[in-house]
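Quick notes on the structure that follows.
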Amino acid sequence: MQHLIVLPVVLPLLVGLILLRSRHGAMRTHRRVGVAATALLVVVATVMLTRAAGGEVTYYALGGWQPPFGIVLVLDRLSALMIMVTSVLALGCVIFACAGDDERGSNFHGLFQLQLMGINGAFLTGDLFNLFVFFEVLLLASYALLIHGGGKSRIQSAVHYVVLNLVGSSLFLISVGVLYGATGTLNMADMAVRLGELPAERTGLVAAGGLMLLVVFGLKAAILPLYFWLPRAYAAAPAPVAALFAIMTKVGIYAILRVYTLIFGEQAGGLEALERPWVWWLSLATMVVAGIGVLAARDLRLMVAYLVVISVGTLLAGIGMGSPEAVSALLYYLVHSTLITGALFLLAEMIGLQRGKAGTRLVKGRPLRDGRLLAGLFFVGAIAVAGLPPLSGAIGKALLLDAAAPWQQPWLWPILLGTGLATLIALSRAGSTLFWRSHDGEASGEALSRSRWLGAGGLLAASPLLVALAGPVSDYTRATADQLADPDVLVRAVLSDAGESP
Amino acid sequence: MESLYAITTGVLTACGLYLTLRGRTFPVVVGLTLLSYAVNLFLFSMGGLTTGGAAIIDGQSHFADPLPQALVLTAIVIGFAMTAFVVILAMRARSELGNDHVDGRKREEPHR
Amino acid sequence: MTLLWIALLPLLGVLVPAFTAQRGRRFCSLATALLPALALLMTLGQLPTLAAGETLRFAVDWVPTLGLELAFRLDGLSVLFNLLIMGIGLLILLYAHYYLSPEEPFGRFYAYLILFMASMVGIVMADNLLLLWLYWELTSLSSFLLIGFWSHRSDARKGARMALTVTGAGGLALLAGLLLLGDMVGSYDMQVVLESGSAILADPRYPWMLGLVLLGAFTKSAQFPFQFWLPHAMAAPTPVSAYLHSATMVKAGIFLMARLHPAIAGSELWTVVVSLIGMATMLYGAWFALMKTDLKGILAFSTVSHLGLITVLLGIGSPMAVLAALFHILNHATFKAALFMCAGIIDHETGTRELKRLGGLRRAMPITALLTTLAGAAMAGVPLFNGFLSKEMFFTETLETPVLGGLSWLLPVLATLGGVLSVAYSLRLVHAVFFKPAREAPPKSPHEPPWLMRAPVVVLVVICVLVGLAPVLAEGLLGLALTPVLGETMSFHLAIWHGFNLPLAMSGVALVAGVAMYWRHPDLQRFLKGFRPVDARLVFEGAMQRLSAWAEATLRGIDNGSQQRYVGLLLLASLVVVGFGLSGMPLLTGDQGNQPVDGVLLVGAGLLIFGGIATAATHRYRLISLLMLSVVGLVVSLTFARFSAPDLALTQLSVEVVTMILLMLALFFLPQHTSRETSAPRNVRDIVLASALGMAVASLNYAVLTRDTTSLSSFFLENSVSGGGGHNVVNVILVDFRGFDTLGEITVLALAGLAIFKLLRRLRLFMPHSDTEGRLWSPDRYPSILTSISMALLPLALLVSAFIFLRGHNMPGGGFIAGLVTAVAMILLYMARGVEWAQERLQFEYQPVAIAGVGIATLTGLGSWLFGEPFLTSAFGHFHLPLIGDFELATALLFDLGVYLAVVGATLMILANLGKVTTPHSPAKGAPASDENLSRSSKEKH
């Protein structure tokens, strides 16, 4: 069990390599291996979650080199939660993909596993440069998955996505460089300690580096002036990939949460909560613009992509608020929104498949073969994502609204509730067009295989589950927020036996 | 020397960034490559500039900071992978979209 | 626990129709009724306890961090509403059994209906503000489903969406209001809230809170100016209209005002706002009820009007007014549900609800005519019916309220006017349908419905009459309900006769004037022809479409799809934050200062700056730009060498070679020139932006360089030999200290190879025969000098790379550089001899090589698990072999081998696959460049 922490990285890596080893292997075997490995990852994540729930922070020193010298992976409540969400989402996506999306290009399952490796690594690492490396792993895997199956719109959106992210990577390196140059370390916990002893004249330098990092994470998370790559790319990506991408923006959010609570925590003096004002105002603006985007979208997939941006804005608002209550609320909302937006991408694909030429465009189309059932699922997803009772979105939003401090309320409440209303308007119009306003005639869409139903339905089922378990889940996120608010625990755990010994 | 070095990275960065703001894929790719050179120089210098330091451990005491070097090596290779991908993506985009504009449209066409 | 069951039984009942629908309609209807009936009985069973003055409460924790509890209460108010909801609900179920045609999906209909019932029960029993809100929104959703039940009809779809949008928006406002309320009190517990009335009134946020809560209540109860959705919700099947839009859902807003009455009502603001809005609603509704010609339309607007009446009473807020409000809730629910069902019967049996096509039905449907007349009389407020009693109380209260100061006379006058109108429309409804001769025949020949379909109406009308004759019957229930609303018990007596007084006179006026008004109705109609009311549905749809169009236009302004803008914004954002950080620095130059500059450095820097600027300046001439770029690359590698980093210099050099080959190859397939397309201002803007950020980066660089920091590196220098077994620290860091980075890095490389493989699949390229000046490419495809050199070079290069690889741990070199050297040599071979030639001789694929490389590295890392060490822990030892002598073997070498293979594999995957595109070996399986492609490309060049 001592190697538990590294498993979420090594397991997908190994499986991915095995899958990639045989390019001409039988598809069935690939599918079985892919699904089994992802299911195993869920098990691993569950074990990690139970271990982290107690509040103990543990780390894994790669190569046996103790921190701060070697690279460490850190398991705390936050990283365990993120791994859990990732693996559950991935399981839904990979099952869905087995219905045939994986055959439209080469190496789907192998790349999918490497994508998971990159995401998990980013969630676990305690080293700033290693975070960069994992960002690159997950980015390249996502490039490959984005263009899976080819086609004009995919290639076109990929150009924007790739170029922006390459510039972003350069900025990342510059900021890591500045932080290393100013503090002399790469280990985040160690950096936190060193910031506590930073000479006053260097605060400006560190602030510049730290805020540049915020730009990079903001690009990944898709905050306002930097989110433009997202809607078209997500709308163009193959459905299971788009669904998995729902977690990618959360990597950015996780990184902001991690870096600024740990490195720029209480001990950092004047640099404490460096990011907060920026994130707060920009997140509100993001919600507004994305709300407009939802209203403007004429295609279901594009609409869902804008819903992702709204969820990003909502989550970032939680970071901007800063209090442990807000962080706890945002974590609950993160679990909810990741799984639900993912499910909506899958659902949109299923709907599009049955509408023939009309696809996911919001125009009058022919009746759907499984209209009743799809409409039911869509209704559930729409309620959840719009934040209406009785599903998880309502609880998440209530938590966030409740966490707002008095001066934040006049800003957050109208915007959050307003985007909820925009979502409601847009989705009710979309649903009414898709399911109610159809041409006369026979439904003749493609039959949907069981794995599609299983993948999309399984993810949607998370929403009622999150409501039923809202108590325990929110207790966990609250504990996580408290742990983040007291970074000393992590610092002490990671640096406790920092020594010269290899 | 430090100021000269900094100015150099600054100029290279600026030139690279200028190119990434162009409207055709190839100059953008060139710009990204140039930018990665600049960034590598930048990162490299974060351990200080050491002239005549030893590269290997054989009893000498004057060393350059090895950590940034290792980081830059990683960055170079990753940068190469990214450049390779983006340039071939550019080719593919031209083949799919019929032109090499970054937005996949020719200038004359009205905005969508 | 009983409370929990009362609340949850209907919710469980939602599932019943799903399981019983296939067992036939009769069975399904009965089964569906079972659980609500049980809940109703259980509610009744609690009456004695309540009568003893107790309030039943039940709570379990749900989301403690939020203060959300699964908490229910049963007091008089809840009981009153529970009886209405479940009692009328069951009658509606019976009615719906006959109303829906057999081919309609009744199971689904029942499920929605019960879901709605369950959520209403939840609202009235919720003992937690947030729980109340959850149920509140649930009613909006279930009513959306019910209104849109006949989804093939456009009016149903639009009506459903309108109702959802309005009530949903109100619900969101309500949430904000309730959160604020909870914040003011410090708890979402209903009991606590109800007991903190004075604190709430004193809070500065009270007006906001009140506004938000009332917004929720008014939208739900269709109060002015949100009344417009209700008439369009009538597109629903009639049982739904009878249930939701007369008896229950629209009463939710009223309920909320009653429920929170002790906590939020006691202010002047409340009285003025609520009673005036109520009055406006009452008159508006009554007026349009008179104008409508659709049976359900009349009823819908009259519902709006009566809801307004109740709102006025709650606004006045005196104990008797509240009593009157509760009484009218009860009365209105009975007579209006009855009337809706009658309208449904008429619709069902004649095929139309249009007044113009109805008339004289008393002959064909005498019993229905009687029932409708009785219920209509109750609605009009005719003495001896229940409606009369509550209306009389209403008149009394309007006379007694001083709320508007000098204008207080206005309320009774308007109230009387409302009474007049309500008499007129009630009379019209009854007379026009049953007594006036028909102008044209209805689509179906009318006859009486089955008696069971009529039974619910009979029950309700009997209640109307009974209560009207003996109001004492209602006293007990009303007394119970009154206590929680007032916060105290009050004794009262309901009587039919109060003597000759002003309210009686007002009733008289209303009756007489109302009859007169109906008598002159045709004149009125004619006069009003000019004022056709706007169709709210059209207005709403138009607003929605404008909203959508506005959103599109706005979005296009923000996001124009241009990458140049996106990148510009990214750079601008970085510039802003870096500028912000740097502005906080007292001094850019640190304590270290500058080292002296020598000539070599000057030349190097000059070359770099020149190369960089030239690359940018010549970007339109792509080949030249590329050459300039290669100059920069070379000088960068020299720079690394100059500053004591030979490993970097070697790596940079070899990467540089591969990159250039790649870019040249790519350029072969891309246009050679960029046409001038950027406007001058834009160019200037880009230059300014790029330079500014460049300066910022230079400042950062300078600031760091002139400061000294104790870094981790001494550890690496000290432990490299002892811990990592290597003398080349950089290599030891790469394969040991930070081997995890390297593992990620070669994964990236392999991924790039795979991704490019995907990109090249089915790629159709056009092959230029000539360059842009029209010169043909050299016909000599494989130059002989290059051929012979490359042949000779390959073994040499392999030898060199083996050498570099092996010494890497102790001397500059290592897997990366060795891999790149090997790759370069092989690529040279490809270039010299052509892909076909190389392909024949190099009979292996590169993907497995790259994957194997990463695999070896991973497995090496995993190997340490066998020894109980963490992933990637290295081991090394010195061995002695005869002849060769002492040598060192480290697992790091194995790891480095993985790196080597990954680099070779991935690089060749990229380049060789790209090369293959140009030949019949292309992954596209030899798809020739199509004409379409050719012409497209050649067109573009001009």
Side-chain angles (χ1 to χ4, degrees), chain B residues 1-4 6-15 17-21 23-24 26-27 30 33-34 37 41-42 45-46 49-50 53 55-57 63-67 69-70 72-74 76-78 80-81 83-85 87-89 91-92 94-95 98-100 102-103 107 111-112, chain C residues 562-564 567 594-595 597 605 608-609 612-613 615-616 619 622 625 629 632 636 643-646 648 651 655 662 666 669-670 674 677 686 690-691 693-695 697-698 701-702 705-706 713 716-717 720-721 727-730 733-734 741 745 748-749 752 755-756 759 763-764 812 910 936 940:
Chain B
M1 184 166 83
E2 275 74 9
S3 51
L4 186 66
I7 289 169
T8 314
T9 45
V11 170
L12 289 182
T13 310
C15 294
L17 291 176
Y18 171 76
L19 287 177
T20 58
L21 287 166
R24 298 279 167 171
F26 194 78
V30 170
T33 315
L34 191 55
Y37 290 157
L41 282 176
F42 182 93
S45 69
M46 287 299 116
L49 297 174
T50 312
I56 51 167
I57 299 179
F63 286 103
D65 187 346
L67 188 54
Q69 293 188 28
V72 172
L73 218 153
T74 307
I76 290 177
V77 176
I78 289 181
F80 165 66
T83 309
F85 179 78
V87 73
I88 293 178
L89 180 64
M91 290 167 53
R92 176 87 199 208
R94 195 213 176 188
S95 139
N99 63 70
D100 70 336
V102 287
D103 304 329
R107 205 77 212 153
H111 286 229
R112 268 178 300 154
Chain C
S562 154
Q563 177 185 293
Q564 287 162 280
V567 176
N594 268 301
Q595 295 178 43
V597 180
L608 277 178
I609 291 174
I613 292 177
T615 311
H619 76 267
R622 296 179 175 182
S625 180
L629 181 69
V632 177
V636 166
F643 292 110
S644 329
L648 278 188
T651 313
V655 165
L662 184 68
F669 297 108
L670 289 169
T674 310
E677 56 184 19
D686 289 351
S691 318
L693 196 51
M695 275 192 273
V697 170
N701 198 347
Y702 182 70
L705 277 177
T706 51
S713 42
F716 298 122
L717 293 169
S720 175
V721 179
H727 291 268
N728 180 356
V729 193
V730 176
I733 292 178
L734 282 173
D741 273 350
E745 171 192 353
V748 170
L749 209 54
I756 286 167
L759 275 177
L763 175 62
R764 291 184 308 171
I910 295 165
R936 199 199 292 153
E940 199 186 335

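Small disclaimer: the values here were computed from a predicted structure and weren't measured. Each chain gets a letter, A, B and so on, in the order its sequence line appears, and its residues count up from 1.
- Ranked by heavy-atom pairs under 4.5 Å with chain C, the first of B/Thr13, B/Thr50, B/Thr20, B/Thr33 is B/Thr50.
- With a 4.5 Å cut-off on non-hydrogen atoms, B/Val11 touches chain C through its side chain but not through its backbone.
- Contacts with chain B were tallied for C/Val567, C/Ile756, C/Val597; C/Ile756 has the most, counting heavy-atom pairs under 4.5 Å.
- Contact count versus chain B (heavy atoms, under 4.5 Å) is highest, among C/Ile910, C/Leu670, C/Val748, for C/Leu670.
- Residues meeting the side-chain hydrogen bond (donor to acceptor under 3.5 Å, both in side chains) test with C/Ser713, sequence neighbours left out: B/Asp65, C/Ser711.
- Put simply, of C/Leu662, C/Leu629, C/Val636, C/Thr651, the one with the most heavy-atom pairs under 4.5 Å next to chain B is C/Leu629.
- Formation of a donor-acceptor pair under 3.5 Å by the C/Asp686 side chain with backbone atoms of B/Tyr18 is not found in this model.
- Of the residues considered (B/Val87, B/Ile76, B/Leu49, B/Thr83), B/Leu49 shows the highest number of contacts with chain C, using heavy-atom pairs under 4.5 Å.
- Contact annotation for B/Leu12: only side-chain heavy atoms (C-beta onward) come within less than 4.5 Å of a heavy atom of chain C.
- Most heavy-atom pairs under 4.5 Å with chain B: of the set C/Asn594, C/Leu749, C/Val721, this distinction falls to C/Asn594.
- Looking only at side-chain heavy atoms (C-beta outward), B/Pro27 and C/Arg622 come within less than 4.5 Å of each other.
- Taking the side chain as every heavy atom from C-beta outward, C/Leu705 and B/Met46 never approach each other to under 4.5 Å.
- Comparing B/Ile7, B/Thr74, B/Leu34 by heavy-atom pairs within less than 4.5 Å of chain C, the highest count is held by B/Thr74.
- Taking both residues in full, the closest heavy atoms of B/Ala64 and C/Phe643 are given as CB-O, 4.4 Å, listed atom of the first, atom of the second, then distance.
- The contact between C/Thr615 and chain B is made by backbone and side chain atoms together, counting heavy-atom distances below 4.5 Å.
- Considering only heavy atoms from C-beta on, C/Thr674 stays 4.5 Å or farther from B/Phe26 through its side chain.
- Classification of B/Arg24 and B/Asp100 as a salt-bridged pair holds, one side-chain N sitting under 4.0 Å from a carboxylate O.
- For the side chain to side chain contact (heavy atoms under 4.5 Å, CB included) test with B/Leu73, the passing option among C/Asp741, C/Ile733, C/Val655, C/Leu648 is C/Leu648; the others fail.
- For B/Leu19, the part lying near chain C is the side chain, with the backbone staying farther off; criterion is any non-hydrogen pair under 4.5 Å.
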